[in-house]
J.: 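Dumping the structure here so I can ask a few things about it.
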Amino acid sequence: MKSIVIGVAGGSGSGKSTFTNRIKKYFGDDVVVLYHDNYYRSQDGIPFEQRVTVNYDHPDALETDLMVEHLKKLKAGESIECPVYDFAKNTRSSQVLRIDPKPVILVEGILLLADPRVRELLDIKVYVEADADERILRRISRDVEERGRDMKGIINQYLTTVKPMHYLYVEPTRAKADVVINSGKNDIAFDLFVSKISQILREMKQEGLS
Ligand SMILES: Nc1ncnc2c1ncn2[C@@H]1O[C@H](COP(=O)(O)OP(=O)(O)O)[C@@H](O)[C@H]1O
Ligand SMILES: O=c1ccn([C@@H]2O[C@H](COP(=O)(O)O)[C@@H](O)[C@H]2O)c(=O)[nH]1
């Protein structure tokens, strides 16, 4: 099976998942999503109080080697067993997720475009743009509602690691993207991607590649 790989990067809270999930919902079984977030390293070796002080916005916090290996396998038509990260516990869960290869592979993560090995595997590189104030406001709601965090912890983490790492490692990768989209709820960008992906899927089907 031949695949097209689309990488979606951007700051935390920019709307990457919103955009990616909308594409996945539209194309259903033709699309698989690989979340770089699931490749955060296990923090099982340290107590919870220490886990919350780790710099999760530095490239070293992620096991990108494993994700590169998995992405290569999916591209080669092989299934993978992806780790599953538990944000409430700040470590990997005991679960793994079997992911089967599909004609369209979406890969998503804040630091995706920071690694040349990942960039090399991507056919289309997208950067989702959003103002810093909107990103932090969205992150506050999401982290409280979905990731088991409190206000004090979110603010402390934002000021000590999220913000400085964003300007050091995430924002510079905007220049590596083929397409920069303004907001994950951008209907024009969504329509353009639907038509591009539909065209690629049609060509793959005509050539008998998917
Ligand atoms: N353009 C937008 N307007 C309003 N809310 C948004 C917008 N984009 C994303 N959100 C909301 O912000 C939160 C974080 O978005 P998400 O897509 O998970 O960001 P990311 O994956 O980049 O961290 C979600 O609750 C989402 O519904
Ligand atoms: O244990 C962890 C691991 C990561 N984070 C934060 O997650 C975001 C990236 O996820 P998005 O879905 O793109 O927001 C990153 O900024 C890390 O700070 C965490 O808080 N705890």
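Everything numeric here is computed off the predicted structure, so don't read it as measured data. Order of listing sets the numbers, starting from 1, for every ligand and every atom in it.
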J.: May I ask you to check whether Ser12 has an N/O atom sitting below 3.5 Å from an N/O atom of ligand 1?
T.: no
J.: If you measure from each heavy atom of Gly13 to ligand 1, is any distance below 4.0 Å?
T.: yes
J.: Looking at atom 18 (O) of ligand 1, is any protein heavy atom nearer than 4.0 Å to it?
T.: yes
J.: Check Asp100 with Lys102, please: is the shortest side-chain N to carboxylate O separation under 4.0 Å?
T.: no
J.: May I ask you to check whether Gly184 has an N/O atom sitting below 3.5 Å from an N/O atom of ligand 1?
T.: no
J.: So, are Asp191 and Lys196 salt-bridged, with charged N and O less than 4.0 Å apart?
T.: no
J.: Is there a heavy atom in Met165 that sits closer than 4.0 Å to ligand 2?
T.: no
J.: List every atom of ligand 2 that sits less than 4.0 Å from any heavy atom of Ser12, numbering the atoms from 1 in the order shown and giving each element.
T.: 11 (P), 13 (O), 14 (O), 16 (O)
J.: Is the contact between Lys16 and ligand 1 made by the side chain, the backbone, both, or neither, using heavy atoms and a 4.0 Å cut-off?
T.: both
J.: Would you call Tyr85 a ligand 2 contact, heavy-atom distance under 4.0 Å?
T.: yes
J.: Quick one: which ligand 2 atoms are inside 4.0 Å of a heavy atom on Asn90?
T.: 1 (O), 2 (C), 21 (N)
J.: With respect to atom 18 (O) of ligand 2, which of Val162, Ile154, Asp57 exhibits the smallest heavy-atom separation?
T.: Asp57
J.: Enumerate the atoms of ligand 2 whose separation from the nearest heavy atom of Gln157 is less than 4.0 angstrom.
T.: 18 (O), 19 (C), 20 (O)
J.: So that I can tick it off, tell me whether Asp65 and Arg117 are bridged by a salt bridge, with the cut-off set at under 4.0 angstrom between side-chain N and carboxylate O.
T.: yes
J.: Which atoms from ligand 2 have a heavy atom of Ile110 less than 4.0 Å away?
T.: 13 (O), 15 (C), 16 (O)
J.: Can you tell me the protein heavy atom closest to atom 4 (C) of ligand 1 and the distance?
T.: Lys185 NZ, 3.8 Å
J.: As a test of the contact definition, would atom 24 (C) of ligand 1 count as having a protein heavy-atom neighbour under 4.0 Å?
T.: no
J.: For atom 3 (N) of ligand 1, what is the nearest protein heavy atom, given as residue, atom name and distance?
T.: Arg138 NH2, 3.7 Å
J.: Looking at ligand 1, does Gly10 have a heavy atom less than 4.0 Å from it?
T.: no
J.: Would you name the heavy atoms of Leu201 and Pro103 that are closest together and state the gap between them?
T.: CD2-CB, 3.6 Å
J.: If you count the atoms of ligand 2 from 1 in the order shown, which ones are under 4.0 Å from a heavy atom of Asp37?
T.: 9 (C), 10 (O), 11 (P), 12 (O)
J.: Determine whether Leu34 and Glu108 make a side-chain contact, defined as any pair of heavy atoms from C-beta on separated by less than 4.5 Å.
T.: no
J.: With a 4.0 Å cut-off on heavy atoms, is Ala130 touching ligand 1?
T.: no
J.: What do you reckon, does Glu146 have a nitrogen or oxygen under 3.5 Å from a nitrogen or oxygen of ligand 1?
T.: no
J.: Is Val194 reachable from Ile200 through a run of I, L, V, M, F, W or Y residues, each pair having side-chain heavy atoms under 4.5 Å apart?
T.: yes
J.: Please could you name the atoms of ligand 1 that Ser14 approaches to less than 4.0 Å, counting only its heavy atoms?
T.: 19 (O), 22 (O)
J.: Assess Arg149 for proximity to ligand 2: is some non-hydrogen atom of it under 4.0 Å away?
T.: yes
J.: Between Thr64 and Asp115, do the side chains contain a donor N or O and an acceptor N or O under 3.5 Å apart?
T.: no
J.: Students should be able to answer this: which protein heavy-atom is nearest to atom 9 (C) of ligand 1, and at what distance?
T.: Thr18 OG1, 3.4 Å
J.: Tell me, which protein residue and heavy-atom name are nearest atom 6 (C) of ligand 2, and how many Å apart are they?
T.: Arg139 NH2, 3.7 Å
J.: Which atoms from ligand 1 have a heavy atom of Gly11 less than 4.0 Å away?
T.: 22 (O)
J.: Determine whether Val31 and Ile6 fall in the same hydrophobic cluster, where Ile, Leu, Val, Met, Phe, Trp and Tyr are linked whenever their side-chain heavy atoms lie under 4.5 Å apart.
T.: yes
J.: Give the C-alpha distance, both sets of side-chain angles, the deciding distance and a yes or no for side chain to side chain donor-acceptor pair (under 3.5 Å) between Glu129 and Ser14.
T.: CA-CA 6 Å; Glu129 179 84 74; Ser14 61; over 6 Å; no
J.: Check whether any side-chain heavy atom of Ile46 lies under 4.5 Å from a side-chain heavy atom of Val54, and answer yes or no.
T.: yes
J.: Could you tell me whether the side chain of Met165 reaches within less than 4.5 Å of the side chain of Asn55, counting heavy atoms only?
T.: yes
J.: Closest non-hydrogen protein atom to atom 1 (N) of ligand 1, residue and atom name please, with distance?
T.: Ser183 OG, 3.2 Å
J.: Check whether any side-chain heavy atom of Asp37 lies under 4.5 Å from a side-chain heavy atom of Phe87, and answer yes or no.
T.: yes
J.: May I ask whether Tyr85 and Val96 are part of the same hydrophobic cluster, defined by side-chain heavy atoms of I, L, V, M, F, W, Y residues being less than 4.5 angstrom apart, directly or through others?
T.: no
J.: Quick one: which of Phe193, Tyr26, Tyr127 gives a ring pair (Phe, Tyr, Trp, His ring centres under 6.0 Å) with Phe19?
T.: Phe193
J.: Decide side-chain contact (heavy atoms from CB on, under 4.5 Å) for Asp44 and Arg92; before the verdict, give the C-alpha distance in whole Å, the side-chain angles of both, and the deciding distance to 0.1 Å.
T.: CA-CA 8 Å; Asp44 283 351; Arg92 279 195 194 161; 5.9 Å; no
J.: Which ligand 2 atoms does Lys16 reach within 4.0 Å, using its non-hydrogen atoms?
T.: 13 (O)
J.: Applying the 4.5 Å side-chain criterion to the ILVMFWY set and letting contacts propagate, would Val128 and Tyr169 be lumped into a single cluster?
T.: no
J.: Check whether any heavy atom of Arg147 sits under 4.0 Å from an atom of ligand 2.
T.: yes
